[in-house]
Peer 1: 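Could you have a look at this structure, given as structure tokens, before my questions?
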Amino acid sequence: MKLLVVADSDVARAITEAIRRRDAQFEVEAVRTAAAGLDLLGRADTDSDFDCVVSAADAGEPDALDFLAAVRKRDVGLPFFVVAGGEPEMAAADALDAGVTDYVRARDTEGYDELAVRVERAVAASGRRPVDPSLVYERVFEQILEGACLYDRDGRFVLVSDYLAGFYGMTPAELEGERSLLVETVREERPGDPYQRLLDGETDCLEGETELVTPDGESRILNYRFAPLRVAGEVVGVIAVSRDVTERQEREQKLKRAREEYQELIDGMNDTIWVLGLDDQIHTVNETAVELLGYSRDELLSMTVHDIDAGLSDDEISALISQMPTDGSQVFETVHRAKDGREIPVEISSSLVSYRGETVVLSVARDITTRKRYEAELREQNRLLETQRDELAVLNQVVRHDVRNDLQLVTAYAELLGEHVADPEAQEFVEIVRKRANHAVELTETARDMAEMMSSRGVENETVQLCPVLEAELASLRDMAPDATVTIESEIPPVAVLADDMLGSVFRNLLTNAVQHTDKDEPSVELSVSESEGGDRVVVRVADDGRGIPDERKDTVFTKDEKGLESRGTGLGLYLVQSLVEAYGGDVWVEDNDPCGSVFAVELRTADDGQADSDQSPPTRS
């Protein structure tokens, strides 16, 4: 094959040396000017004597592009290269638009080597002369979009694809003749020199993955396959194809880590976790499921959900899975059966998720054994409470009717007896009987109120008009204690409060308490009502002129069974008052009266305009 070079001596020499380094079968003839080149082409016996023309961009007169036009008139298919030196004598776009085969910028040996490679390939592709098989191989390697190459028996590069050269950050020409890092790495990693065994015909291929450090220091993972190249039955080299799988490996490692972290996460949960296929097969479980049910993980993964669930029928289980909502979760209760036969009540929350590219059911099963036991205990306690309430109602009926009726008879006969007894000392005894009987009647009322309060706990408060309740209790007090002076400081405002039908018991106990806890024959009781500034609270005060309550007992006087010294009461009345007032969302406390005695203050929430019972603003003592 013949190559015409049109350039000065230095450029022509560099091109010739690059062609010879390629060991290509080219005869190079050089001239200095385009005119000389045209003359040489014209003197040739046939236009096809030259297989390629390489012209410097500054080829003289005519210039390179005019030279190209003249060549194309003689031979349209003759490969024509323009090579430029340091300064761009012409734009690459202009040259390519004019129809050059290629435009190459060559400033050093590497550039001229690249020019030689392209010339060789262009001539091979033009079909002008019989093609060297090695050039066909090289053309094929050029087109392979993988790390393809041909090694000689020493593991040196003979042919290199552009893709592989790019992996090393080099050109194919730079790699050719160099030892392969991959071959050396494989020989170091595997025993017995596997590359030599491939050359010796002991094995047909060599493949695997390895880590390779590129010349720039970057670590990459390569998947490789080596196969011997035989010519006339003799192994003359090795064909290698490699693929950079670093990113794939990193993705797989990330996926593996994510799966491991996911498994660690679900294994650390106290609830059992189940991933179920839509065919009822168990895909994965967490460690809690293994420990709780007593099966090994492999055993569970070979089972279906039907083998575990003892609370639902097979049809019910299949229906739950097939009817899973696509945008929510379903919650239900069932029973799981352990390997040893134990049955564990569970609450399951299930939803559809994507798992390894498949739509599956993720179920979180919570052991509710303790909750079920508490629920059973609560039901039993409620049953006992209902029984106690029924029994209390019977006792209340006995106290209210039988005992109260008998005590009222005692009171009536004591009053009749007093009319027929003239002896002053006997009159005193009759009066004691009458008072004690009245007190016993009062106790039956307190006991009745206590029973009603206990049976009505949890009932919502309602709107109660305050004035009628106070007036009724004041009238009852005047009847019970005709010797007492009962006054109202000012007119009772027409206000409604949040309470229930036992509100009267609050004031009955406070008014009775004011009369009982005094040494005076004619006790005085004063009642006053005031509203808060905002109108959301009302305070009722009951003042007496008795012995008063010491400061150290003011906070405990409402405690159950708490009685004052020489008290005639049981202590239940004030406890009942506090219990009822707190149930109403109010407050009760004790103040000193001036000049003597005590003041019991009751603060209640008002219920203007149908105020809801949920209004729980804190009480404010005034």
Side-chain angles (χ1 to χ4, degrees), residues 446 449-450 452-453 456-474 477 486-515 517 525-544 546 548-551 553-560 562 571-594 597-622:
T446 300
D449 293 342
M450 287 288 292
E452 290 184 359
M453 180 191 70
S456 62
R457 280 178 177 169
V459 177
E460 292 186 358
N461 295 324
E462 58 188 9
T463 299
V464 178
Q465 295 297 326
L466 181 62
C467 184
V469 174
L470 293 177
E471 289 177 345
E473 296 306 327
L474 289 170
L477 178 66
V486 180
T487 60
I488 302 175
E489 185 180 81
S490 60
E491 184 178 355
I492 300 174
V495 63
V497 297
L498 290 173
D500 57 20
D501 57 4
M502 292 190 66
L503 179 61
S505 180
V506 172
F507 300 112
R508 180 167 61 253
N509 276 282
L510 292 179
L511 291 170
T512 302
N513 184 74
V515 172
H517 294 83
V525 179
E526 183 178 64
L527 184 140
S528 64
V529 181
S530 60
E531 294 184 82
S532 65
E533 184 175 347
D536 61 335
R537 299 274 170 170
V538 62
V539 179
V540 180
R541 286 181 167 82
V542 177
D544 63 54
I549 298 176
D551 290 341
R553 289 191 60 242
K554 284 186 171 66
D555 292 333
T556 62
V557 69
F558 298 100
T559 306
K560 187 178 181 181
E562 177 68 19
L572 288 177
L574 293 180
Y575 171 73
L576 175 63
V577 168
Q578 185 183 48
S579 299
L580 289 171
V581 172
E582 288 181 350
Y584 302 154
D587 195 12
V588 59
W589 65 91
V590 184
E591 301 170 349
D592 291 330
N593 196 13
D594 186 21
S598 300
V599 178
F600 283 81
V602 175
E603 184 181 64
L604 299 170
R605 295 179 296 158
T606 60
D608 295 336
D609 300 326
Q611 181 178 356
D613 185 51
S614 60
D615 179 11
Q616 294 290 344
S617 56
T620 304
R621 297 187 178 186
S622 56

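Predicted, not measured: the structure shown is a model, and the values here were computed from it.
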Peer 1: Checking Asn593 against Asp544 for the side chain to side chain contact (heavy atoms under 4.5 Å, CB included) test, could you report, in this order, the C-alpha distance in whole Å, the side-chain angles of both residues, the deciding distance, and whether it holds?
Peer 2: CA-CA 7 Å; Asn593 196 13; Asp544 63 54; 5.5 Å; no

Peer 1: On a heavy-atom basis, which atom in Val539 and which in Glu603 lie closest, and how many Å separate them?
Peer 2: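 In terms of heavy atoms, the two residues are closest at CG2-CG, 3.9 Å.
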
Peer 1: Does the distance from a Lys or Arg side-chain N to an Asp or Glu carboxylate O, for Arg541 and Glu489, drop under 4.0 Å?
Peer 2: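 A salt bridge is absent here (no side-chain N lies under 4.0 Å from a carboxylate O).
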
Peer 1: So how far is it from Glu473 CD to Leu511 CG, rounded to the nearest 0.5 Å?
Peer 2: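 Between Glu473 CD and Leu511 CG, I get 7.0 Å after rounding to 0.5 Å.
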
Peer 1: Which pair of heavy atoms, one from Val581 and one from Asp587, lies closest together, and at what distance?
Peer 2: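 Taking every non-hydrogen atom into account, CG1-N, 3.2 Å.
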
Peer 1: Atom CG of Leu474 and atom CD1 of Ile488: how far apart are they, to the nearest 0.5 Å?
Peer 2: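 One gets 5.0 Å once the value is rounded to the nearest 0.5 Å.
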
Peer 1: Search all heavy atoms of Ala499 against all heavy atoms of Val464 and return the closest pair with its distance.
Peer 2: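 Looks like C-CG2, 3.9 Å.
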
Peer 1: Determine the minimum heavy-atom distance between Pro493 and Glu531, stating which atoms define it.
Peer 2: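 Nearest pair, atom of Pro493 first, then Glu531: CB-OE2, 3.9 Å.
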
Peer 1: Looking at every non-hydrogen atom in both residues, tell me the closest pair between Ala514 and Val542 and how far apart they are.
Peer 2: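 Smallest interatomic distance, heavy atoms only, reads CB-CG1, 4.3 Å.
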
Peer 1: So Asp551 and Asp592, side chain to side chain contact (heavy atoms under 4.5 Å, CB included) or not? Walk me through it.
Peer 2: CA-CA 9 Å; Asp551 290 341; Asp592 291 330; 3.8 Å; yes

Peer 1: Under the rule for salt bridge (Lys or Arg N to Asp or Glu O under 4.0 Å), what residues qualify as partners of Glu526, not counting sequence neighbours?
Peer 2: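 None.
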
Peer 1: Rounded to the nearest 0.5 Å, what separates atom CD1 in Ile549 from atom CZ in Phe600?
Peer 2: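 Atom-to-atom, Ile549:CD1 and Phe600:CZ are 3.5 Å apart.
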
Peer 1: So, Asn461 side chain and Ala583 main chain: donor-acceptor pair closer than 3.5 Å or not?
Peer 2: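 It does hold such a pair.
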
Peer 1: Under a 4.5 Å cut-off applied to non-hydrogen side-chain atoms, are Leu466 and Leu503 in contact?
Peer 2: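 They are in side-chain contact.
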
Peer 1: Kindly compute the distance separating CG (Leu604) from CG (Leu498), expressed to the nearest 0.5 Å.
Peer 2: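 Result: 9.0 Å between the selected atoms.
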
Peer 1: Of the non-hydrogen atoms in Val506 and Val577, which two are nearest, and what is the gap between them?
Peer 2: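 In terms of heavy atoms, the two residues are closest at O-CG2, 3.6 Å.
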
Peer 1: Side chain to side chain contact (heavy atoms under 4.5 Å, CB included), that's the test. Do Thr463 and Val497 meet it? Break it down for me.
Peer 2: CA-CA 6 Å; Thr463 299; Val497 297; over 6 Å; no

Peer 1: Measure the spacing between OG of Ser505 and CG of Asp500 and express it to the nearest 0.5 Å.
Peer 2: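 One finds 10.0 Å between OG of Ser505 and CG of Asp500.
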
Peer 1: Mind checking the CZ-CG spacing from Arg508 to Leu470? Nearest 0.5 Å is all I need.
Peer 2: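 Arg508 atom CZ to Leu470 atom CG measures 12.5 Å (nearest 0.5 Å).
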
